[in-house]
Number of protein chains: 2
Amino acid sequence: MGVTPDTIILGDCIESLRKLPDRSVDLVFADPPYNLQLGGDLLRPDNSKVDAVDDEWDQFESFEAYDKFTRAWLAECRRVLKDDGAIWVIGSYHNIFRVGTALQDAGFWVLNDIIWRKSNPMPNFKGTRFTNAHETLIWASKSRGARRYTFNYDAMKMANDELQMRSDWTLPLCTGEERLKDETGAKAHPTQKPEALLHRVILASTKPGDIILDPFFGTGTTGAAARRLGRRYIGLERDPGYAKLAKERIAKVVPISPEDLDVMGSKRAEPRVPFGQIVEAGLLRPGDTLYCPKGERAARVRADGSLVIGEMAGSIHKVGAMVQSAPACNGWTYWHFKSDKGLAPIDVLRAKVRSQMAA
Amino acid sequence: MGVTPDTIILGDCIESLRKLPDRSVDLVFADPPYNLQLGGDLLRPDNSKVDAVDDEWDQFESFEAYDKFTRAWLAECRRVLKDDGAIWVIGSYHNIFRVGTALQDAGFWVLNDIIWRKSNPMPNFKGTRFTNAHETLIWASKSRGARRYTFNYDAMKMANDELQMRSDWTLPLCTGEERLKDETGAKAHPTQKPEALLHRVILASTKPGDIILDPFFGTGTTGAAARRLGRRYIGLERDPGYAKLAKERIAKVVPISPEDLDVMGSKRAEPRVPFGQIVEAGLLRPGDTLYCPKGERAARVRADGSLVIGEMAGSIHKVGAMVQSAPACNGWTYWHFKSDKGLAPIDVLRAKVRSQMAA
DNA sequence: TCTTCCTCTGAATCTTGGC
DNA sequence: GGCCAAGATTCAGAGGAAG
């Protein structure tokens, strides 16, 4: 009946979708072709050439053709989705309006549109438009009536240092170590998404063990994030080369332990600056240990940026206060991590993230 | 024939649009109904009110009706727009996908989607979704071929601390003093936009004196910003109460003086000075030597303003490109002459000629 | 080892005027 | 319309070389 999770299915996405059973997945994450319509080459002011996305899979004859394709895969995704499931689709102004309209027409119910603000976007080299510094994600439930979609409100609030998570997320592009390379050292895939983005999507809208379907799997960012966070995945990909890279990549991921996945389930109150983002950015990992200034007390980091010591759990500030029996505590200066130079306050990690966001 | 600018036309927006002449406005700014589906107003093209909807069949009906209405006013706006004109539309996830699709289908060409990040959004009180902290604007030219839309790149860059203006704009909501109140002290209009938002839109995409059409004028934020910035407006509004408030509001606006409106101009707009004119003016002499930025390459100036290096000869741009084996080169910034302060780009000589011409 | 400088690159619908 | 030539145009971050 069902499909074995944690697999990559090779082949055309719509054909593969047709073989999946009704109401069998908890979440769909889709990064479809954007249908960019580029002119000729684009040169930077230093005369170097921009490595454009001109792959065959992004070419469509017309908006009609793109719509037809979009509506076909969306209809199948909706069929495959459980009634309390949800979908995420990411896109740019080239395609996102058409995707959003198709979603609504298919009966999905939009819950939010989310802006991925890029801290380091490519500039507009010719000075002709505003720097295209964001992409848009649409989050939608299967239907208007479906009230029981998963939303881990408190985990998101915790990850945003006790302020409600907003609809705009500031995150850097996928570059450096994280970016998969081919044998020649060139980027393996032209549009690899940062795992931090998928981390937040998955933490917000799934439960541990949930099955996440990605119909445009590429090099498997969704699979990597799913495995790391104790979720399962089904990836559809038509390019065997990408599928192979994805498989190898996911195999290397170390899932975080179940107790670290146990995110906050109740409310608290205190102020400013997202510790959860330190975890998303990979500067600390769920399961890492933090220490008080003298090192005699240790707390464990969880996936949503909450800390645990014994029975105590909460934000960095709250837990810091509790272990000292103090009315309040600045967690940023109280908690330390082990660096190669000994214990260092986590505030230095915040500074790192801030410098990324300042852009 | 034409329409007197700086007026508010009372009546149905589509009917009023039909009376405006072809190609008569430079910019359209539209803040249409968002189709929130909260039991609020949704208008059919004939202006009859759609009943509140709460089942799936009616939902489909309402999207269709919304699309029909949207496509009707967009088609009229496009007709009324000059060929080098542009349009802005603002919306939220409830309607923006449908508006964007309709824009593309009508032949408009999307230039950017802009995110208005609200610094002080209303929280999500029930904790069921992400805080809806932004709205989306779409900026589009009249057609794909239209390259000559107005974009004051340098003014925008200046306004952003000498960095390219990005596609995400952080601005507060319209509150406090700025928010228009009715006799009872309640807000006069439910969706009044901040004038700062219109300020940026108008400064970015119009020239002084341009005519800006707003088909959903409301309490006249577009008119107020247009007047303040030395632009003209045409407002369409069917509610006489709003129109009256708008008129009073705009009358109080003190326009910025013309010299203060003189924003950073584009270099492209400056008068052309052929390099030969530098020689004619005696600022360089035939036989003089020009150097590349680091001084290791030298070229000789000839009487007609061409350069020579060995076998190579041609314009300052051509020779600059050739010596670097680059596809292109701006000779004005590449070539330097020996001044009493060391090497200086020949662009300073061009500036000298330009200032003489202006005098 | 620690700075400083240089190079490279990222989903990009990326020029304009005259002949 | 097409073609050609003038000439305008980039930000953040990673990584490696140079000092």
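Convention: sequence-line order gives letters A, B, ...; per-chain numbering from 1.
Pairs passing the side-chain hydrogen bond (donor to acceptor under 3.5 Å, both in side chains) check and including a residue from residues 328-337 of chain B, sequence neighbours excluded, do not occur.
Ionic pairing of B:R350 and B:D347 is present here: one or more N-O contacts between side-chain nitrogen and carboxylate oxygen are shorter than 4.0 angstrom. Under a 4.0 Å N-O distance rule, the pair A:E248/A:K244 qualifies as a salt bridge.
Rounded to an integer number of Å, the gap from CG of B:D84 to C1' of C:dT15 is 16 Å. In this structure, A:L43 atom CG and D:dG7 atom P are separated by 18 Å, rounded to whole Å. Summarising the geometry, the separation between CG on A:N124 and P on D:dT9 is reported as 11 Å, rounded to the nearest angstrom. As a whole-Å value, the separation of B:N330 CG from C:dT15 C1' is 13 Å. With rounding to whole Å, B:M156 atom CE is found 15 Å from D:dC11 atom P. The NZ-P distance, from A:K181 to D:dG15, rounds to 8 Å in whole Å. When rounded to the nearest whole Å, the span between CE of B:M322 and C1' of D:dG7 equals 16 Å. With rounding to whole Å, B:D347 atom CG is found 10 Å from D:dT9 atom P.
Rounded to whole Å, the C1' atom of C:dA11 lies 23 Å from the corresponding atom of D:dG15. Remark: the separation of the C1' atoms in D:dA12 and C:dT13 is 23 Å, to the nearest Å. For the P atoms, the distance from C:dT9 to D:dT9 is 25 Å, rounded to whole Å. The gap from the C1' atom of C:dG10 to that of D:dG7 amounts to 26 Å, rounded to the nearest Å. If you take atom C1' in D:dT10 and the same atom in C:dT7, they sit 14 Å apart, rounded to whole Å.
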Q) When every nucleotide of nucleotides 4-12 of chain C is labelled 5' to 3' by its protein contacts under 4.0 Å (heavy atoms), B for base, S for sugar-phosphate only, - for none, what sequence of letters results? A) -----BBBB
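One finds a side-chain N or O of B:H317 lying less than 4.0 angstrom from the OP1 or OP2 phosphate oxygen of D:dG7. Dashed line: the shortest gap from a side-chain N or O of A:K126 to OP1 or OP2 of D:dT10 is not under 4.0 Å. Taking only side-chain nitrogens and oxygens, B:Y153 comes nearer than 4.0 Å to OP1 or OP2 of D:dT10.
Classified by interplanar angle (parallel below 30°, tilted 30° to 60°, perpendicular above 60°), the ring pair A:W169/A:W88 is tilted. Aromatic ring pairs are classed by plane angle as parallel below 30°, tilted from 30° to 60° and perpendicular above 60°; the pair B:F97 and A:F97 is tilted. Classified by interplanar angle (parallel below 30°, tilted 30° to 60°, perpendicular above 60°), the ring pair B:Y149/B:W139 is perpendicular.
With a 6.0 Å radius and a threshold of 12 heavy atoms from other residues, nucleotides or ligands, B:E296 has its CD atom above the threshold.
A:D46 is linked by a salt bridge (charged side-chain N to carboxylate O under 4.0 Å, His left out) to nothing, counting only residues two or more places apart in sequence or in another chain. Looking at residues two or more places apart in sequence or on another chain, you find a salt bridge (charged side-chain N to carboxylate O under 4.0 Å, His left out) between A:E56 and A:R238. Applying the salt bridge (charged side-chain N to carboxylate O under 4.0 Å, His left out) test to A:D58 and every residue at least two apart in sequence or in another chain returns nothing.
Looking at DNA chain D, the stems built from 3 or more consecutive Watson-Crick or G-U wobble pairs, each pair with its key distances under 3.5 Å, are C:2-10 with D:11-19, C:15-19 with D:2-6.
Residue B:S315 is in sugar-phosphate contact alone, with no base atom involved, counting any heavy-atom pair closer than 4.0 Å across all strands shown.
Between B:R148 and A:K341, the residue anchored closer to the 5' end of DNA chain C is A:K341, taking for each the nucleotide with the nearest heavy atom. Summary of the strand contacts: B:V273 and A:E177 both lie near DNA chain D, and taking for each the nucleotide with the nearest heavy atom, the more 5' one is attributed to B:V273. Take the nearest nucleotide of DNA chain D for B:Q164 and for B:C329: the residue whose nucleotide is more 5' is B:C329.
Closest to the side chain of B:L163, from the set C:dC14, D:dC11, D:dA5, is D:dC11.
With hydrogens and angles disregarded, no donor-acceptor distance shorter than 3.5 Å links the side chain of B:N160 to the backbone of B:R166.
At a cut-off of 3.5 angstrom, the base of C:dT13 holds at least one donor-acceptor pair with the side chain of A:R129.
More than 90° away from 0 lies the glycosidic angle of C:dT4, which makes this nucleotide anti.
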